[in-house]
Structure formats: C-alpha cells, structure tokens
Amino acid sequence: MEPYEIEFIGENRIISITPNFTHDKIYLICGEFGPFRAGLPVNVPLWLAIMLKQKQKCHVIPPDWMDVEVLENIKEEEKRSRFFTKMPNEHYMVEAKLILGSAAEDVPNAPEIKTIIKDIWDIRMSKLRTSMDALMKTGGGYGRLDHLTMMEINSVKPLLPAAMDNLLRMQMKTKKTAPSLNLNSSTFSQSGSSQNT
Amino acid sequence: MKIESKPLRYAHAEGHTDVCYTEDGRNIITCGHDGDVRIWMDIEDDDPNSHCVGESALAVCYKDKRLYVATDNHLVQAYTFPDFDKDGIVTRFTAAVTQIKSSCKIEALGCCSENMEAKICNVEGGAPIFVMSNHKGPVLSLAICPHMKYASTACGDGLMRIWDIDTQKVVKEINCVPKINTFYAAKVLCRMDFEPSEGKYLAYPSNREIILLDCQSWGQRMSFTHNTIKCAISQCLFSPCSKYLAGNTVAGQIAVWDIESGLCMGIVEHPTSHNISAMAWNPKGNGVLAYCDVAGQLGTLVNCYGKKSSSSENEIEDIETVERDNGNDGLADDLIQNYESDDDNAISLEKIKNETLGLIKDKDDSRPASRQTAYVPSTVPPQPPFQPSSTPAHLEHRYMCWNEVGIVRCHTVENGESTVDVEFHDTAVHHGIHLNNYLNHTMASLSSTVLALSCETPSKLVCISLVGSSKEWSVSMPDTEEVLCVTAAHGLVACATNARLLRLYTPMGTQRQVISLPGPVVALGGYNTTVLAVYHSTDPGVSDQHLAMDIIAMNGRQVRSKTVPVPLTPGSKLTWLGTTDIGSPCTYDSTGILRMYDVSSGVWMPICDTNGHSKGASDSWFIVSISEPTQKVRAILCRGTTFPPTVPKPIIAELPIQIPLCEIESEKSQYEEQLVRWAHTTADVDMKTARETALKLFALACRSEIEQRALELMELLKDDRLLPLAAKYASRLGRMHLAEKLTNLAESWEKETDKLNVAQNSHFQELDTQETYDVTNSEQDLNASLIIPQKAKEKKVENVTPIKPVTIKASPGGVRNPFRKQQEVTKCVQSPLSLTERTLVEVHSTADTAENTDPLKPLTGENFMDWFTRNKSLLEERNPELTPSELSRHCVKMFKNVQSIAHADSNKRKHEDANGDTTTSAPKQSKLSAFAFQKKT
C-alpha cells in the first residue's frame, strides 16, 4: 500500500468544521452530512473539510488532541514508555498533515503542534527501528507490536518483509548445510525484554 | 455615636495581611504577602517605614519593643523596634506560621503553624514552654489567657481545643471550625480571644455568632450576633478595656458589641466585601480599630466606642478632626481627592472598576466607597448600559458583537490605534469588512443589512449598509448627547442616548423617529422593523433592579409601542437582550436563565437554564442566538470567565430549549414539556410528532388510572384528529366510559365550530373572540387599540420569514382590503396555547384553503381570467365600493399577490410598493384585462 492510499483511508475520519455558507443536507456514499448552517459547527469527513477549506468555505475546528498540552503529554508518555503508546487517533499523521497543511491558521500554535507531532513520529519510528533491529538480531520470526498506526506499519513494509524473506532464505540454506540449527526457538515479542538486547 | 470607617488604603500585595499596634498605640504595623513589614505612624501616613523580611510574611506581633514576624522560611523572627535589627529566632516550624499572639500581661509568645502544631515559647527563644500537638489539621489560630493558665487553638480539622497549660492536657473540644486542609484556603480563620484583663471569658466565633465561654465551667455565657450578619464570622477580638467585642465576617462586615448589654454598637460593611484577614484594637483604648483585608488593604474604624475610657488630649483632637471633616463634605471631598491623586495605588482598584464598568461618574463617585455604602447600604446599583453579546471594552482584543449574522471584533494596539473587522458567518450575506477605527467606536451592532458603529465622545453613529454596494453614512449627535446603546435590525437602526432619547433611522440613513424613553437605557435589541428597548423603570430596590422593555414596532409610517416589565432572577443583572430568529424577544440574566417573551400571550417564559449545561461552577455561557424552529440556543461556553476570548476562536455549542417543568426526568413531564414548548414557540415539528406526544401523554394518564386527566388533556388540546385516536385507545384499554365521553366531546366541538363559524380551534374561546372583536374594532379605527394590532403585526412579521413555510400567506393589502386583513388577523392572533394554532391549523390551511378558508387562492395553472370569473361574485361582495373597472384593476393586483405566495420573502416589499402608489401605477395589463372582462360579461 502506498502512503497516499493510507491518506485516502484516513480522509474518511469525521471532523468538525464551521461552514460560512448555508446548504441543505448532502448525501454521500459514506453517509449524509449537514445541514450546513453558516457559523454553526457541523461534522463532515476530513476530505470534505479540506476541500471546503481550500475553497475558503469553512473554518476547521481542530480535533481535541491537536493541542500543545495534550500532545506534550503524549510525547512524554511515548518517551517514557518502552512500548508504543496508544495514539489519540489511528490516522493522527494523516489528519495532522492535512489540517496543518491547509488549515494551519485555524489551529492555535500550529508550528509548535507540527514540531511535537513530528517528534512523536520520530520517537515512534526510532522505536520501531530498534525493535526491528532487535528482531533481526535475535533472528526471531515473530513479533508483536501494539498500538502501531497504519501509516507506521506501512513505513516498514517495503523493508521488513523483504528482509525477513531473505533471512529465511539464508537460514534455509544454512539449515541444509547444518540441519541441527534450531530455528523456532526464538520469538520476538514487544512485551518481552528483547527490545533491550 | 456612629462608627466611622476611614477610607481603605493600599498596604500590601494581595494575600493574607496581618496588623498589630505598638503598645503605646502610636504605630500600626502591618505585614503582607509581598514580604514587607510596614510601620505606619497613622492610617494617613503616606510614607510608612518598609522593611523587607522575605518572600512573604504571614503574621506580626509586637511585644516589649520587639517585633515578631512569621517569615516564609517558617520561623518566628524577632526584630528590635524601632531600629528593626534582627534579634534572634524565637522558634522554628516545618510549615508556615499562621499566627503569633501574645498579650501585655504574659511573658510568652503563642505561635501556631500549618504543620498541625502550636507552641507557647519564651520570648527570648530556647525550648518552647508548651507544644500543643495532636491536631489533625493546620492550626489556624490560637489564644492564651492572661494568667497563662489556658490556651486555645482552632484547627482546620474542625475542632477548637482548650488546653490547660499547666497539665498540658486538652480541657475541652468544641466543633466550630469549618474544615479546611490549608490555612491559605481558609476563609474563616476562627480567631478566638480571651478577655484581656481578667481572663474570665473566652470569645470564639461559631458560624454566624460569637459565643462567650466562662473560663471556670467552660459553659456558654452569652452569644452575639446581628440580623444583618448573613455569613460566617471569622474573627473576634476584645477591646483593651474588655468591655467591647469586635467581630468580622468573611464578607467583610465588622461589628462591635457592648458585652454588658449585648447590644450591637454598630456594623460596618467593607466597601468591596473582601474578607478581613486581621484586626487590632488601638491599645490606648480610644475606640480605634485597625484592620487589613485579603486584598492587602489597611483600614481603620474610629469611634467604635465612647471616648470615656482613658484618653489623652492628643486623641480627642484626632477624633474631632475627623468629625469636622464629616461635617463639611466639600472640604472632606477635596482632601480626599488630593489624597487620591497623591497616591495612585490607593484607590486604583476602585477607579479601574468604575472605568471598566462604565459607571457614570458624578460627584458622589469621588467619595470613598466606604462612605457611600454607609449612606445607602442596601440598594443594588443600577446596571450601566451594555451592548448585547459584546465583551468588555477595556480588552485589547474584544468582540463588539457576535450574533447570528456575524462577528465584529475590535483590536487595539498599544499606541491606541484600533481596527474593526467584521466576519460574516455566511459569506453570501457580505464579504468580510476591515476598517480603521479612527473614531474609537466602542459599540457595534450587526444585522444582515447594516452594520452600525458608535463612539462616545464626540458621539457619532456610523452605519455601513451591506445591501448592494457598501455605502457608509453617519450622523453626529447634537451637543452633549452621547450614544449609550446601538442596535441594527433588518429594517431599522436605533440608538439610545444619555438624553433618554431613542433615535430611529432607516438602514440607509433616513431619520425616522425620536422617542423619549421613560428611564435610563440598559440595552437595545431589534428585529426587522421592531426595536426592543430595556431601561430602568424605577430606581433599583433592595436586591433587584426594576427593568422594563418597550417593544416599538414600526410599520410604514405607523409606530406602535407596548411596554412589558422585564423579569430577573433575584439579585441578578441583565446580560443579554435579543430576539429569536422569528422575532420573539429574549433576555438572559447573570444567573444563567434565558427567558422568552411570547408576544401573542404576553407572558415571559424561562426557556433555558444554562447552568445545567456548564461543567464548572465558574463557567458561564455567552449567548449568540436562539433558533425557535430547531429549538436550540446557540451559545459559547466560557470556562472561568463571563466572556469568550478572541483567540483561539471559540466554538458555538447548541443547547436545547427546555421549559423547566417540575420532575423533568419523569416521562410525563417530558411529554408535557414538549407540548408546552411547541405551543409557545414556533417549533419546526410536524403534526404527527405532536399528536404522537399528545397521545403518549393521554396513554400515560389512562394507564395511571386518572381518566379525568386524560379527558381534560383532550379538552385542552382540542384536536379533532387526535380525538378518534384517543377514543380508540381508550376503548381498547376497556375504558368505555372515557371513550364515550371523548366521542361526546367531538360532537360538542362540532356544534361549537358551527356556531362560531370559524375555521380554527382554540380552547381559550373567550380570549379568542375577544381578540377577534378587538381587531374588528381596530379596523374601523386604527388608532383605537394599540396593543392588539401590534400583536397582529408581530405575528405578521413572523409570517414573512421563510422558515415557517406553512403559515405563509400573502400579507394583506393593508388598508385597501379590510376584510382580507381581518381574516388574516383572526388567524394570526388567536391564542397559541393550544397545540392547534401553529400545527393543526397549518395543516388545515394548506389542505383546505382552496375550498374553505381562502377561495381566492388560484388553482395551479389557472390564469387571471379563469380565476376572476370564478371569484367574481365574492370579490364584488368584498369590494362593494369599487366600480367594475376599478374592481378589475384591483383584482389583477390581488391575483398577482395571491400568486406570489410562494415568494413570501419578497412578497412584503412588493406589497408595500403596491400600497404606496395604487393610483399612479395602473399597469397596461390591467387595462387590457378590464377590457377583456367587459367583453366577457
């Protein structure tokens, strides 16, 4: 899956906007939305919100978690925890990118929020990389990671399965030469301590 | 002799402030939250000696030419006096020291602390004489008897303990202290006092009274209170002569009692009702009491008791000076004014308040507030004028107006330049406006057609028309007249001035009318061509203001007014005034109750209690608009404030309109609430839902075995389609008796309708006929009755709005067609209490108009000729005064009117045009049709 496909999926999230026009309900495949009343908040899919914002037809109301304090807490939590913490939103990266990209003026402290979200992303990515590294080094064939978002999983997709594949192939070869090697003994689990090894 | 309160003055930063006198009574010593100890020669000493002792200082005590100060590092530090050099540490605690107390007869110092301990120490330091532990909370205060026999402590765990110092045991425990877990949060400090000369009594505050204990038996001897004391007493203090007792409440009242007689010598209110944090009697016994409040201010009361007790020449002079001042107000004022200008800090709080609240400055205001309250102690101040849905004018970024049309913001930069920007919710109304605020406008009002701005001095009204190309117009107020309130409506701009005039303008700047208001204006609101003006009808009473509202409707050249009193929750202020989106006047008061005035029935109804929706106690709601069709109040939740911030942009929430019926959780009340609400507001509910609710309520009554109530309900609702359903339900339940009665009811209704020959139903028959009668009257003489036609007009205004599609009718041609108007009016004015008015009749009218109610309505696709032949006889009958050609011309117009029913919005304007030039604009077509008509007959 490509990142833009994930973005496409993420765009179905519902967010609130205040439109600056009045319109009846609209009927979409994903449901009916509206009626739009100027100045009053209404829930719409993210893609519609972004489209309206680009046409300057609405103000985006930032989601609750898009707040410096909340994000700082998440960041601290993420830093402290050895494991992945639960993100406020399955598509936080997509949502943040779209909202901050096209409706930054509607979000208070947008630059700070951008930085914090990037930090969180970096922390999580480096965690992901170290655990992958650990998995590889221990030669395990199985890993369990909770609370990973779709985008994060996708970021390692081009690399991890291929690497595992190659690893397996190499192991198969060595197995042929030295059949006594035990393959299944080591597994990798997030809840285990292998992350530190 | 009356107790005089000298003006308060700034002594320390805000926070707990302590005060004591030197033993000779010459100096007042204060310490406060800013960490300074100040030595004052007198209350009027402008240059007190300040000494910094740390970050903060909580308590101070003077004894034998030494000062003992509780500093922020939790120790009791001794200082020499008057040199103020450090002179050793008396004792240390592990938490803040809350009080240091001693008296002239004992050679020890009592200290108590937050760390649940109190100590009696030697003044020279060293090991404490007695440590009182076993407290289960912070010790708030202590007292030692003059013979060093007993001590008492008040602790945050709720108990006052009396200790025997010799045996070091608790003698008695009394539960009188409000529980608190820190001294800093304590309002009631529970400061007790032993009678200073003999130590026979111990006085302690207990809720709203001060209780005197006998130190032998520890039995209650006396209690002191006063009927104006409404809240808990925090401290009490014996005068040095032991004859008087001073006490203060948490609301800043200070009272002095004569102990022998038990009479209250006087009670003084704190001008700003701040809690008193400390009191001290002048040891000279001259009746002077110094006190400090939690805002860090120092004040004194003089003449608390007679001068007969020991007094030197010097003091008599002092007091006499004061009396002289009082005798001559002008002189006193001058003095105080000078004094004010000398020391800006002293009264600045008061000043700022006056400025921000926009209180009118007259001469009385320059007086110190304490005196003013002494003269008129119990009336509430009349509230100053305000703009609905605006935020305070002193803010750098503020909302001048936020309503259903848009938002007007004002931004002021530091050099005083300000800009106004207008954002429309619906950009289709108008694009945003940004303008420089050269004139320093402070008031703004926005409607869909016009933006009105106004400034105070020199007063000017500037309006920007939003229709077509933006055109700006302005008018200056004459001479010294100042605009106090301004409002813009769809078809009107109004401003109220300090000359108590209401000036009305059209949106394009024609001066329409000047109206004298009966009282000082509070706020203005508007809808279409109607202005709401709220003013003080009389001076405020003891707890409430008396507000009244004029509803002034402009219709063409006619003006009609109706005055209604404005209800307020006790002790509250009006904070918002406006109309719903279909024009019912609404008010919102500072306690969070939203009320709506039902024009047709003439009653005020509470429609929303916003307190139920806020999360914290200090949250409030800022009303933006009210929508009747959707039954929602649009408001902004302000956390901890009364107004929303400009950044980040607040989000509008929608609160449901709910009539506060009793037991609202019960099913029955909920249905009842819906029916009442739908009957009195123009809700967007279809008949089916309303009938369903009514039937559910009926079913509830049936099931709970109250047949009479079920019957009564049906009588009340008077809906002939509901009745069969109800009868069916009743018979199915086996209540044949009820079913029978219901059928009878239906029959009697039929008879009634036959008799009255009116198409609509109402259960207030009397009222209904009465009104019909009134309207007929007014048709004959338009000026005879003011109120009823005005009501009708209000209703008509409703009719024009596009939101209520069913009732829309062609507005009658006014004077031209009296019969039609009457028909209209009877339909509109009837009592809306019954469910039928807005719902049932609407259904009828759409369904049956072609046959019954309005035969003039053209059938679809029918052209003028067909319509005219069909209705000719009727039309002739209605317009007997017209000649055939006139009739046909008139009918062409009428046909057009009835055709354009669907375009209700533009309809009205068309009518006005038509009325304006009936004679001149006889179009060609009408001539032709007249011809055709002649041919046909």
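Below, read A as the first sequence line, B as the second, and so on, with proteins coming before strands; counting in each chain starts at 1.
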Intermediate values then yes/no, side-chain hydrogen bond (donor to acceptor under 3.5 Å, both in side chains), Glu628(B) and Thr580(B) = CA-CA 6 Å; Glu628(B) 273 191 67; Thr580(B) 64; 2.8 Å; yes
Do Gln387(B) and Cys401(B) pass the side chain to side chain contact (heavy atoms under 4.5 Å, CB included) test, and can you show the C-alpha distance, the side-chain angles, and the key distance before you say yes or no?
-> CA-CA 8 Å; Gln387(B) 284 294 113; Cys401(B) 178; over 6 Å; no
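Residues of residues 91-113 of chain A lying within less than 4.5 angstrom of chain B, judged on heavy atoms, are Pro108(A) in numerical order. By a heavy-atom distance cut of under 4.5 Å, Pro19(A), Asn20(A), Phe21(A), Thr22(A), Arg37(A), Ala38(A), Gly39(A), Leu40(A), Pro41(A) are the residues of residues 14-50 of chain A near chain B, going up by number.
Salt-bridge check for Asp146(A) with Arg144(A): passed, with a basic side-chain N closer than 4.0 Å to an acidic carboxylate O. The pair Glu78(A)-Lys127(A) meets the salt-bridge criterion, with a side-chain N (NZ, NE, NH1 or NH2) lying under 4.0 Å from an Asp/Glu carboxylate O.
Rounding to the nearest 0.5 Å places CZ of Arg398(B) at 8.0 Å from OG1 of Thr412(B). Between the OG1 atom in Thr641(B) and the CZ atom in Arg639(B) there is a gap of 10.5 Å [rounded to 0.5 Å]. If you take CG on Leu451(B) and CG on Leu446(B), they are separated by 5.5 Å, rounding to the nearest 0.5 Å.
Looking at Ile651(B), the atoms closer than 4.5 Å to chain A (heavy atoms on both sides) all sit in the side chain, from C-beta outward. Residue Glu654(B) touches chain A through its side chain alone, counting heavy-atom pairs closer than 4.5 Å.
Ring geometry, His613(B) versus Trp621(B): the interplanar angle exceeds 60°, so the pair is classed perpendicular (tilted spans 30 to 60°).
Listed options Ile652(B), Ile407(B), Thr427(B), Asp426(B) were ranked by heavy-atom pairs under 4.5 angstrom with chain A; first place goes to Asp426(B).
Between Ile433(B) and Asp421(B), the closest side-chain pair of non-hydrogen atoms is not below 4.5 Å. A heavy-atom distance below 4.5 Å is found between the side chains of Val450(B) and Val493(B).
A donor-acceptor contact under 3.5 angstrom links the side chains of Ser448(B) and His490(B), judged on distance only.
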